[in-house]
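The next block holds one structure in the form of structure tokens; read it before the comments.
Just the heavy atoms: all of them, side chains too, but no hydrogens, waters or symmetry mates, feed the values below. The sequence lines fix the lettering, A, B, ..., with proteins before strands; numbering per chain opens at 1.
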Amino acid sequence: MSDLLDELNSEQRAVAEQTEGPLLVLAGAGSGKTRAITYRIAHLIMTRHVAPWSILAVTFTNKAADQMRERVARLLADRRAQSSDSPSGEAEIQGAGVDGRAKPQISTFHSLSVRLLRREIEALGYGRDFAIYDEDDQTRLLKACLTDLGLSDKLFTPRQALSRISYAKNQGIGPEEMYEKARDPDTEALASIFGRYRDRLRAANALDFDDLLLKIVELFDKSPELAESYSRRFRYIHVDEYQDTNRVQYRLIRQLTRAHHNICAVGDEDQSIYSWRGASIENILRFEEDFREAKVLRLERNYRSTQVILDGASAVVSNNRARKGKKLWTERRSGRSIGVYQAGTAEGEAEFIAGEVSAALQADGYASVGVLYRTNAQSRLLEEAMRARRIGYRLVGGFSFYARAEIRDALAYARLAFNLRDTAAFLRIINTPPRGIGETTVAQIQALARENRLTLWEALEEMLTRAKEAPLRAARSLANFHTLIRTLAEEGKSLRMAEFFRSLLDRTGYLAMFRDQNTPEAEGRVENLLELVNAVAAAEEAGEGLTAFLDRAALVSDTDDYDERARVTLMTLHSAKGLEFDSVFLAGLEEGLLPHKMSMDDDAGLEEERRLCYVGMTRAKDRLVLTSSATRRFWGEEGRRNTRRSRFLGEIPDRFTERLSSSGRAETNWQGAFNSRESIEQLLRTTGFGSRLQAGRTSTPPGSGSKWRRGNRVRHPKYGIGTVIACEGEGEQEKLTISFPGYGAKKMLPHFAALEKA
DNA sequence: CAATATCGGGTTTTT
DNA sequence: CCCGATATTG
């Protein structure tokens, strides 16, 4: 039998073969951990003949889950095709059906929980048609709670309150406990807000994101038999990004492994960047105590980056104390030094990056480029610079499709039709489009609901009944709205999904509202809505029901629409985890930005910032450039503020870096000190003269045609002057062998090596 | 009740 | 600077 695992290195292979008992895999950046897991799953199915449905893999993002699912499917398909004597035989033995139960369960924590809860939640007194509240819904609800309690939003902004509530929830703390532990009146107030928030969520038969995990854990606590039965079903459990699990997720994992200890946790303590969301690095550090018979394996060979990038990144992260420590290595010895550039202004920084990106794209038509930054606010300047150079880019973060108002409105109609208790959906669309139900009327409904402990929908019906005796101005509008939603609820049951949505958009007058506006913006919204119908139709074709579709829409996140084909991607460091690019530009390496000022006061915070920097650096395969600006304007401030270079830059030894000039070329260290525009600018600045030198520079597209000949004298940023002794290949593949006095012969790609004729 | 004008406050990271 | 929340007008 041809061995599947021959395609792995020996460390990865060990991971795949260690199928029984607890296993902790410490996998460095770029060490092929996804590969190890996917092969492990395939190995379990193909070689160990484990039933696919008894395998579970949990990830944090939909993107990671999709990718893993795809890769496993491909592995299985390839192998089945290969065992040609029984092309269908094996599949049948595995019980491959169309119901999906024959596939391994690969999903995010959140979608796994939703799946289980849709089946089991009645045991907790919720209806199975529960709604999922996203941040938008949560904020509305929280504001309503503040009003209920007669509190102004001065004390806490809804956002602040929510984030503290969320943190508490993830620590497993409820309102009562928060109240008892409160040491100050603010926290006491927060506890009462929390309590009200919880009650109103429940009354709306709704769960917020945190509840999705919390409730399943609660359910398993309440019914150990149920936990036991799920644990027996999922006999082989994999957890990706284990370092990012929080307490609730940890408890869920413990519950699911109670019938066995077959857990394979994969993580990297150096990439733990979600402690602010309750993730605890402790989970990975104490794995061996939790599971006594645990085996620990390390993946330390890196397949992604060049040695110099790895060295630079390791140098930074090695300043952290809380880590198990590991040594990453690669066979990609040669590579261009890490570029370091300091611009005078943030605009200049963005222009520099855009220029470099453009050059990289010209040099290699297939190159992928990641432009990474700490805060979303930084994206604006970068976007502008990209547009100025007509570089196509994709922005991750910001507003995803399902976060757009028009899409959320349309979904709210569907949600309300499906679950009449859904308060957030009700409030969202009761007067969208305007149908004569104004603020005052809505307030009346809410008051009625509150007094009589009714849902908004029931309160609405009650008002209609009363209106028969005492006339009510908005009665007609309310009755129309009532009929509308009733009709939709009916249609939701009888019509096919795509039809239902088309009818919904039509009956509500929602689509017509935009069509009438006749503005380009409204046109875009119409298009989005039609796109939504397409998405619904596609889901229907894939056999997905309305609930499943709405669930998925609720759980999509910004990083999910990351498109592998986009060549240039702009995103935050957090979103970049798990991705890789040929070239990476890391912007804003300044004190206060990276490390961010909100987390640089204590050691734990600072270490997390350092890990963030590490994550960013290790996304790069061939080229890494770190940029900063000497001044920066903070949200519309009049003047610019002077910045200080990030301490992380100082943690990278000079031998791994090269200072870049504004043309993108490496500055020769001593000679060129004051002969570039950039350094003159710098001089003027430091001597107190404002520089008016503006960026009218022309970026020199590198390496067009073969300009290298044997015998050429060349200058290399790191090795100095050398002589070309051999040329091979052409274009991007062109490879030179160069002899440098004192370093010997080096092979290098001029495209990456920033060679200059000397 | 809806549409437009003005004001004030806010940015760390997100499933 | 950009957004949403409020005040004012039609």
Under the side-chain hydrogen bond (donor to acceptor under 3.5 Å, both in side chains) test against A/Tyr133, which residue among A/Asp422, A/Asp211, A/Thr139 passes?
A/Asp422
A/Trp276 over B/dT13, stacked by centroid distance under 5.5 Å, angle under 30°:
yes
Base, sugar-phosphate, or nothing: which does A/Thr441 touch, judged by heavy atoms less than 4.0 Å apart?
sugar-phosphate
When we call it a touch if two heavy atoms are under 4.0 Å apart, what does A/Asn431 touch: a base, just sugar-phosphate, or nothing?
sugar-phosphate
Which nucleotide in the list B/dT15, B/dT14, B/dT12 gets nearest to the side chain of A/Phe209?
B/dT15
Is the phosphate of B/dT15 approached by A/Asn170 (side-chain N or O, under 4.0 Å from OP1 or OP2)?
no
Quick one: does any side-chain atom of A/Glu347 pair with a main-chain N or O of A/Leu381 as donor and acceptor, under 3.5 Å?
no
Any N or O donor-acceptor pair under 3.5 Å from the base of B/dT15 to the side chain of A/His110?
yes
Applying side chain to side chain donor-acceptor pair (under 3.5 Å), can you list everything that pairs with A/Glu591, at least two apart in sequence or on another chain?
A/Arg647
Of the options B/dT13, B/dT11, B/dT15, whose atoms approach the side-chain atoms of A/Arg277 most closely?
B/dT15
When all nucleic acid strands are considered with a 4.0 Å heavy-atom cut-off, which category describes A/Arg611: base, sugar-phosphate, or nothing?
nothing
What nucleotide, of B/dT12, B/dA2, B/dT13, holds the atom closest to the side chain of A/Pro434?
B/dA2
Given B/dC1, B/dT12, B/dT11, the nucleotide with the shortest approach to the side chain of A/Thr440
B/dC1
For C/dA5, does either OP1 or OP2 sit under 4.0 Å from a side-chain N or O belonging to A/Lys143?
yes
The side chain of A/Ser599 lies closest to which of these nucleotides: B/dC1, B/dT12, B/dT13?
B/dT12
Let's see if you can work this out: which of B/dT14, B/dT11, B/dA3 has an atom nearest to the side-chain heavy atoms of A/Asn376?
B/dT14
So does A/Thr572 get a side-chain nitrogen or oxygen closer than 4.0 Å to the phosphate oxygens (OP1/OP2) of B/dT14?
yes
Report the nucleotide, chosen from B/dT14, B/dT15, B/dC1, that has the shortest atom-to-atom distance to any side-chain atom of A/Ser575.
B/dT14
Between A/Ser166 and A/Leu162, is there a donor-acceptor pair closer than 3.5 Å when you use the side chain of the first and the backbone of the second?
no
